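All remarks here apply to the structure that follows.
In what follows, residues are counted from 1 in the order of the sequence shown. These figures come from a predicted structure and were not determined experimentally.
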Amino acid sequence: MNNLKIIICTAVALILLCSCNAGSGTAAFSGGDTVRLKYAELLTIVRHDSFTVVTISDPWNKGKTLHTYVLVDEKRFTDGMAAHIPATVTIVRTPLRRAVVTTSVHCGLMVELEKGEAIKGVCDLRYINQPWIKRQYANGKIADCGNSTAPTLEKIIEINADAVLISPFQNSGGYGRLDEWGSPIIEMADYMETSALGRAEWMKFYGMLFGAERQADSMFEAVEKNYNRLKETAKKSHTRKSVILDKVEGSVWYVPGGHSTIGGIIADANAGYAFSSDKSSGSLQLTFETVLAKAGCSDVWMYRYDGIQPATYASLLAENKGYSEFKAFKEKAVYGCNTTSTTFYEDTPFRPDLLLRDFIIITHPDITSLGRPKYFEPLK
């Protein structure tokens, strides 16, 4: 076993031992430098001279580890290295050059980091609004790998992908046939962070994967600075409107929990929110009647929709006559974000400052220096 193999094996063994003893799943160890993360709670990065260990905590099982990765520069990697690493640890040769990215969110980030050329496959293509991705697909440079919940293994093998980036879910039971594949599956649990900047900080990990570490660090620094500046601006407002989000889908109205990333953005926008006291980090599944009773008096209504035509008050009322009972509807204070014609989903998870700006503009009309919203428009 060469020296690099010995070092990696020793480091991984120490991580696993510390994780069991501490129960955190994110323990550091001597001999490495822990990268300081200011907001992310599910991610631990320990840098060594020859490799980097990334540990992702299990968002659904406190004290457990979701996945451990050892990032090794491709120039230092040897085929026999994996034989000496526990099956629970994944070696990733970096930088990734032929990745399948299963979400529009992370496609947008890679393009922003100028690493879009490393994307060779995507999933749920029809939901991706990123112009660059669409052009690459039209030119035959990016493959359609099917549904994000069950990517097409044959296509992944055909394009010789070096990794698949996929969002994990609670009790998913694995990734089906993809589990048979021999290359790395990168579990992108950033959406389970409880703060907007915490999720955005994961770009540092993705930058390491794609050889864009400096770009990612610089981008996050700019996002953090702008976000905190906007947060301070919102505190100076002399008005404080309350807001309700989205709309009923079937029999369920999904609203962000008070401790979700969106809930945090609303709080940072210094806006009122009927569900701010809720402790959930995900979405609440409520009935129409519950939302009306709890948040029907909200001053502003902001919702996302997927449509060919812009939404109007008439089209909203055609969906559900009960919407006319909301204060924001009566007072013509409804704003819609058409996710078909905007890059809302591609931008905002890693640029929460842009979404915070929209919330501030809409809920604080006395703040006029920020201009017009980027994603939400008033209904006509």
Side-chain angles (χ1 to χ4, degrees), residues 38-42 57-63 169-170 189-201 224 227-228 230-304 320 322-323 325-331 333-335 337 348-349 352-367 373 375-376:
K38 296 173 67 175
Y39 306 95
E41 298 178 352
L42 299 176
S57 296
D58 189 329
W60 304 284
N61 297 287
K62 189 175 181 179
F169 294 94
Q170 186 176 18
D190 52 84
Y191 75 98
M192 289 300 296
E193 288 286 347
T194 58
S195 70
L197 288 177
R199 182 178 191 182
E201 198 166 24
E224 178 192 26
Y227 189 97
N228 288 329
L230 288 166
K231 183 177 176 180
E232 291 303 311
T233 298
K235 292 179 180 178
K236 300 175 183 178
S237 173
H238 299 295
T239 64
R240 188 174 186 270
K241 292 183 178 291
S242 55
V243 62
I244 183 63
L245 298 179
D246 293 327
K247 57 181 181 173
V248 69
E249 300 291 342
S251 61
V252 179
W253 192 319
Y254 295 93
V255 302
H259 282 195
S260 66
T261 55
I262 298 296
I265 291 175
I266 295 173
D268 290 340
N270 192 25
Y273 184 50
F275 304 97
S276 61
S277 61
D278 174 77
K279 304 300 182 183
S280 303
S281 58
S283 294
L284 304 176
Q285 301 180 31
L286 306 177
T287 63
F288 179 94
E289 291 75 19
T290 299
V291 176
L292 178 60
K294 180 81 172 177
C297 291
S298 297
D299 301 308
V300 172
W301 182 3
M302 300 168 63
Y303 76 92
R304 295 163 290 186
N320 192 317
Y323 289 146
E325 298 298 316
F326 285 82
K327 175 186 176 182
F329 188 97
K330 295 176 181 178
E331 299 185 356
V334 182
Y335 294 76
C337 170
T348 58
D353 53 319
L354 299 179
L355 182 55
L356 176 62
R357 176 181 174 274
D358 271 20
F359 273 107
I360 293 173
I361 292 170
I362 292 172
T363 60
H364 299 286
D366 60 318
I367 298 178
Y375 303 104
F376 289 86

Once rounded to the nearest 0.5 Å, what's the spacing between atom [atom1] of [X] and atom [atom2] of [Y]?
{"X": "Asp268", "Y": "Glu232", "atom1": "CG", "atom2": "CD", "value": "10.0 Å"}
{"X": "Ser57", "Y": "Met192", "atom1": "OG", "atom2": "CE", "value": "12.0 Å"}
{"X": "Thr233", "Y": "Ile367", "atom1": "OG1", "atom2": "CD1", "value": "6.5 Å"}
{"X": "His364", "Y": "Arg240", "atom1": "NE2", "atom2": "CZ", "value": "7.5 Å"}
{"X": "Asn320", "Y": "Phe288", "atom1": "CG", "atom2": "CZ", "value": "4.5 Å"}
{"X": "Asp353", "Y": "Ile265", "atom1": "CG", "atom2": "CD1", "value": "9.0 Å"}

Check: [Y] and [X] side chains under 4.5 Å, non-hydrogen atoms:
{"X": "Phe326", "Y": "Val334", "answer": "no"}
{"X": "Asp358", "Y": "Leu354", "answer": "no"}
{"X": "Ser195", "Y": "Glu201", "answer": "no"}
{"X": "Thr194", "Y": "Glu41", "answer": "yes"}
{"X": "Ser276", "Y": "Ile266", "answer": "no"}

Identify the heavy atoms of [X] and [Y] that sit nearest to each other, and give their distance.
{"X": "Tyr227", "Y": "Gly264", "result": "OH-O, 4.2 Å"}
{"X": "Ile362", "Y": "Pro365", "result": "O-CD, 4.4 Å"}
{"X": "Arg357", "Y": "Leu230", "result": "CB-CD1, 4.0 Å"}
{"X": "Gly198", "Y": "Ala40", "result": "O-CB, 3.6 Å"}
{"X": "Ala189", "Y": "Pro59", "result": "CB-CG, 4.2 Å"}

Inset, instruction - Tell me, please, which residues at least two apart from Pro349 pass side-chain contact (heavy atoms from CB on, under 4.5 Å). - result: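 With neighbours one apart ignored, the set is Val105, Arg199.
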
Inset, instruction - With sequence neighbours left out, write down each residue that passes salt bridge (Lys or Arg N to Asp or Glu O under 4.0 Å) with Glu331, or none if nothing qualifies. - result: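 Per chain and number, Glu331 pairs via salt bridge (Lys or Arg N to Asp or Glu O under 4.0 Å) with no residue.
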
Legend entry - Partner residues of Glu193 under the salt bridge (Lys or Arg N to Asp or Glu O under 4.0 Å) criterion, sequence neighbours left out: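 Testing Glu193 for salt bridge (Lys or Arg N to Asp or Glu O under 4.0 Å), a comparison that skips the adjacent residues, returns none.
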
Inset, instruction - Look at the aromatic rings of Tyr303 and Trp301 and report parallel, tilted or perpendicular, splitting at 30° and 60°. - result: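 Plane angle between 30° and 60°, so tilted.
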
Legend entry - Tyr191 and Trp60 aromatic ring geometry - parallel, tilted or perpendicular at 30°/60° bounds: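 Judged by the thresholds at 30° and 60°, the geometry between Trp60 and Tyr191 is tilted.
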
Check: residues 243-260 side-chain donor-acceptor pairs under 3.5 Å, at least two apart:
from	atom 1	to	atom 2	distance (Å)
Asp246	OD1	Arg304	N	3.1
Asp246	OD1	Arg304	NE	3.2
Asp246	OD2	Arg304	NH2	2.6
Lys247	NZ	Glu319	OE1	2.8
Lys247	NZ	Glu319	OE2	2.9
Trp253	NE1	Leu245	O	3.0
Ser260	OG	Gly257	O	2.7
Ser260	OG	Gly263	N	3.0

Legend entry - Passing candidate, side-chain hydrogen bond (donor to acceptor under 3.5 Å, both in side chains) with Thr239, options Asn270, Thr363, Asp299, Asp366: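 For Thr239, the side-chain hydrogen bond (donor to acceptor under 3.5 Å, both in side chains) test succeeds with only one of Asn270, Thr363, Asp299, Asp366, which is Asp366.
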
Legend entry - side-chain hydrogen bond (donor to acceptor under 3.5 Å, both in side chains) involving Tyr335 - partner list, sequence neighbours excluded: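 If we apply the side-chain hydrogen bond (donor to acceptor under 3.5 Å, both in side chains) test to Tyr335, skipping adjacent residues, there are no hits.
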
Inset, instruction - Name all residues meeting the side-chain hydrogen bond (donor to acceptor under 3.5 Å, both in side chains) criterion together with Asn61; count only those two or more places apart in sequence or in a different chain, and write none if there are none. - result: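 Expected list: Asp58.
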
